[in-house]
Amino acid sequence: MPPPPISGEIRRAAMKRPALLAVPAVLLLSLSFLLLRPSSSPPLLPSARTTDPGPGHRRRLNVYVADLPRALNHGLLDLYWSLPAADARIPASSDPDHPPPRGHPPYPASPLIRQYSAEYWLLCSLLGPAAPASAVVRVVADWREADVVFVPFFATLSAEMELGWGTTKGAFRRKEGNGDYRRQREVVDRVTAHQAWRRSGGRDHVFVLTDPMAMWHVRAEIAPAILLVVDFGGWYKLDSKSAGGNSSHMIQHTQVSLLKDVIVPYTHLLPTLHLSENMDRPTLLYFKGAKHRHRGGLVREKLWDLMVNEPDVVMEEGFPNATGREQSIKGMRTSEFCLHPAGDTPSSCRLFDAVASLCIPVIVSDDIELPFEGMIDYTEFSIFVSVGNAMRPKWLTNYLRNISKQQKDEFRRNLAGVQHIFEYENSHHSSKDSDPENGAVNHIWKKIHQKLPMIQEAVTREKRKPEGASIPLRCHCT
């Protein structure tokens, strides 16, 4: 049965919440002071009005879910499953969703789309009859009580449907006749017209933009918000226009920043291999994917040519259809190391498939950003190699061969220890193998919680800017 409209769910959820505790006298005095302030000043965010109870008793993140029509989230899933044809970007035989299989999954199984399913699982963690009680996040019915405002738009699914089923090839970047642009425009117009946006200039709003093409036409308008992205690679081209065409390493990001945004993991496409199931790994290094990429992915093509004839190295080109998926499962599970070079953007789903397969990732990307840094240490289960060293003939394979069995075993034990952190589905549905509080969804909410002091500072600084002041082009988080 399709979920009810979001606004009704929020109201019902709020009615079940216990009454607030009595407000301390000091807080009442602070509130009185706020009420006497001129009405033109927006209220402070809740994080500024609440005393931090300490790390051992950290309060939950208060989230208000913006009231958007169902057509912009779960309704898009209905539209997807009603599409009669296969994705135009792949052979019809490679699309597992068209025609729709009986008992199809709630989010598409197509590898082009499933890897970006964070938007679905984050919304599931907030709303619906199956949404679990969480020690991390709490849904509030009043935007004034919220730390952040979650925008429940399936931006990736919207973009992918236009890319795969658009009426005209190459029409995605145009606005006329673009269904995805129409939906983007509706989301921005609705959200920015609300008082919650005006309170903070959007700095406390959360958009899920896991696909590098998501919200392509309106990025400048939502730049002040907290953006959940898999990396910053998809933003380089936009920023380079304002940076005078400088090379990517010199680009000053004016729309994305680690200060305000959150790097989230892709949804892995391969099944999880548990440490107890691990077997011999006769292959030294494995890679499967497209050889030819653009931008930073040109490194991949050079690496391929360097290593394709190396003994104990497997370089396979292919698409993750049913046959390719089985090849990837076998390749990753029988290899000591899995190569992770940049593609069109610095990261890819391949990294999280390697983690799920207990194949030690070898990351060759000077610009990569990774999920949950500060919570986990990637050097405990991954190898990082500079592009310069990787481009030296035989350097990489010699380096990997010199890593001892003891070190590799330790890497693999550490991989097993972090697998659950990158699980989305187990963040929502508890299982014997995973504590849902320790899954990907709640790690994302925790990272957003860490941004609250910086959000409050940005809002406070913005309020004191006089009308007509010239603000230099820079990251909106400051």
Side-chain angles (χ1 to χ4, degrees), residues 115 263-289 303 307 310-316 320 324-342 346-365 368-386 389-390 395-427 431-435 438-440 443:
Q115 60 184 327
I263 305 296
V264 303
Y266 291 82
T267 302
H268 63 81
L269 302 178
L270 303 186
T272 299
L273 176 73
H274 300 289
L275 190 60
S276 60
E277 303 169 307
N278 186 54
M279 301 180 69
D280 290 339
R281 295 175 176 265
T283 301
L284 176 71
L285 182 64
Y286 178 79
F287 174 82
K288 183 180 181 65
L303 272 173
M307 294 190 297
E310 286 274 352
D312 301 332
V313 173
V314 175
M315 305 289 287
E316 295 180 335
R325 183 175 183 271
E326 292 305 313
Q327 290 174 342
S328 294
I329 292 172
K330 179 181 178 181
M332 285 195 167
R333 292 187 175 190
T334 58
S335 301
E336 295 279 14
F337 300 95
C338 284
L339 185 63
H340 181 74
S347 66
S348 76
C349 178
R350 189 174 295 101
L351 171 62
F352 305 98
D353 283 337
V355 173
S357 304
L358 296 177
C359 186
I360 302 166
V362 178
I363 299 173
V364 182
S365 175
I368 196 168
E369 301 294 349
L370 296 165
F372 314 140
E373 296 236 50
M375 295 177 170
I376 56 176
D377 183 351
Y378 281 82
T379 64
E380 294 180 349
F381 56 87
S382 304
I383 303 292
F384 290 86
V385 178
S386 70
N389 279 334
W395 187 95
L396 180 56
T397 50
N398 288 338
Y399 178 80
L400 297 178
R401 288 191 178 100
N402 284 325
I403 296 177
S404 68
K405 182 181 183 303
Q406 182 180 358
Q407 288 176 299
K408 289 183 288 189
D409 289 345
E410 183 176 357
F411 273 126
R412 198 156 285 115
R413 284 193 297 270
N414 292 337
L415 277 171
V418 299
Q419 283 177 323
H420 64 280
I421 292 176
F422 303 114
E423 293 285 351
Y424 279 104
E425 188 164 353
N426 284 346
S427 300
S431 74
K432 64 180 182 180
D433 300 317
S434 174
D435 176 359
N438 289 324
H443 274 76

Is the closest side-chain heavy-atom distance between S347 and Y266 below 4.5 Å?
-> yes
Derivation of the side chain to side chain contact (heavy atoms under 4.5 Å, CB included) call for F287 and V314 | CA-CA 6 Å; F287 174 82; V314 175; over 6 Å; no
Taking atom SG of C359 and atom CG of L351, what is their separation to the nearest 0.5 Å?
-> 10.5 Å
Non-hydrogen atoms of C349 and T267 that approach each other most closely | SG-O, 3.3 Å
Check: Q407 main-chain N/O paired with E410 side-chain donor or acceptor under 3.5 Å | no
For Y378 and E373, run side chain to side chain contact (heavy atoms under 4.5 Å, CB included): C-alpha distance rounded to whole Å, both residues' side-chain angles, the deciding distance at 0.1 Å, then the answer.
-> CA-CA 8 Å; Y378 281 82; E373 296 236 50; 4.1 Å; yes
Should we say atom CD of E277 is surrounded by more than 12 heavy atoms from elsewhere, each under 6.0 Å from it?
-> yes
For the residue pair S382 and I363, what are the closest heavy atoms and their distance?
-> CB-CD1, 4.2 Å
Stepwise side chain to side chain contact (heavy atoms under 4.5 Å, CB included) test for D353 and I329 = CA-CA 9 Å; D353 283 337; I329 292 172; over 6 Å; no
Just wondering, do F422 and H443 contact through their side chains at under 4.5 Å, heavy atoms?
-> no
Check whether any side-chain heavy atom of S357 sits under 4.5 Å from a side-chain heavy atom of Q419, and report yes or no.
-> no
Residue pair Y286 / M332, side-chain heavy-atom distance below 4.5 Å | yes
Within-4.5 Å side-chain heavy-atom neighbours: H420 and T272 = no
Heavy-atom check, side chain of L396 versus side chain of V385, under 4.5 Å = yes
R281 side, atom CZ; L358 side, atom CG - distance, nearest 0.5 Å | 6.0 Å
Any donor-acceptor pair under 3.5 Å linking the side chain of N278 with the backbone of H274?
-> no
Closest heavy-atom contact between K288 and S328?
-> CD-OG, 3.0 Å
Please confirm whether the backbone N or O of P282 pairs with a side-chain atom of D280, one donor and one acceptor, at under 3.5 Å?
-> no
Is any side-chain heavy atom of V313 closer than 4.5 Å to a side-chain heavy atom of T283?
-> no
Any donor-acceptor pair under 3.5 Å from Y424 side chain to H268 backbone | no
Rounded to the nearest 0.5 Å, the NE2 atom of H340 sits from the CD1 atom of I383 at a distance of 14.0 Å
Evaluate the side-chain proximity of F381 to V418: yes if any heavy-atom separation is below 4.5 Å, no if none is.
-> yes
Stepwise salt bridge (Lys or Arg N to Asp or Glu O under 4.0 Å) check, D409 with R413 = CA-CA 6 Å; D409 289 345; R413 284 193 297 270; 5.2 Å; no
d(L303 CG, L285 CG) to nearest 0.5 Å is 9.0 Å
Apply the test salt bridge (Lys or Arg N to Asp or Glu O under 4.0 Å) to residues R412 and E336: give CA-CA distance (whole Å), side-chain angles for both, the deciding distance (0.1 Å), then the verdict.
-> CA-CA 9 Å; R412 198 156 285 115; E336 295 279 14; 3.1 Å; yes
Heavy-atom closest pair (K408 atom, I360 atom, distance to 0.1 Å) is O-CD1, 3.8 Å
Nearest non-hydrogen partners of I376 and P371, listed with the distance = CD1-O, 4.2 Å
Residue pair F372 / P265: nearest heavy atoms and the distance that separates them = CZ-CD, 3.6 Å
What orientation do W395 and Y399 show, parallel under 30°, tilted 30 to 60°, or perpendicular over 60°?
-> parallel
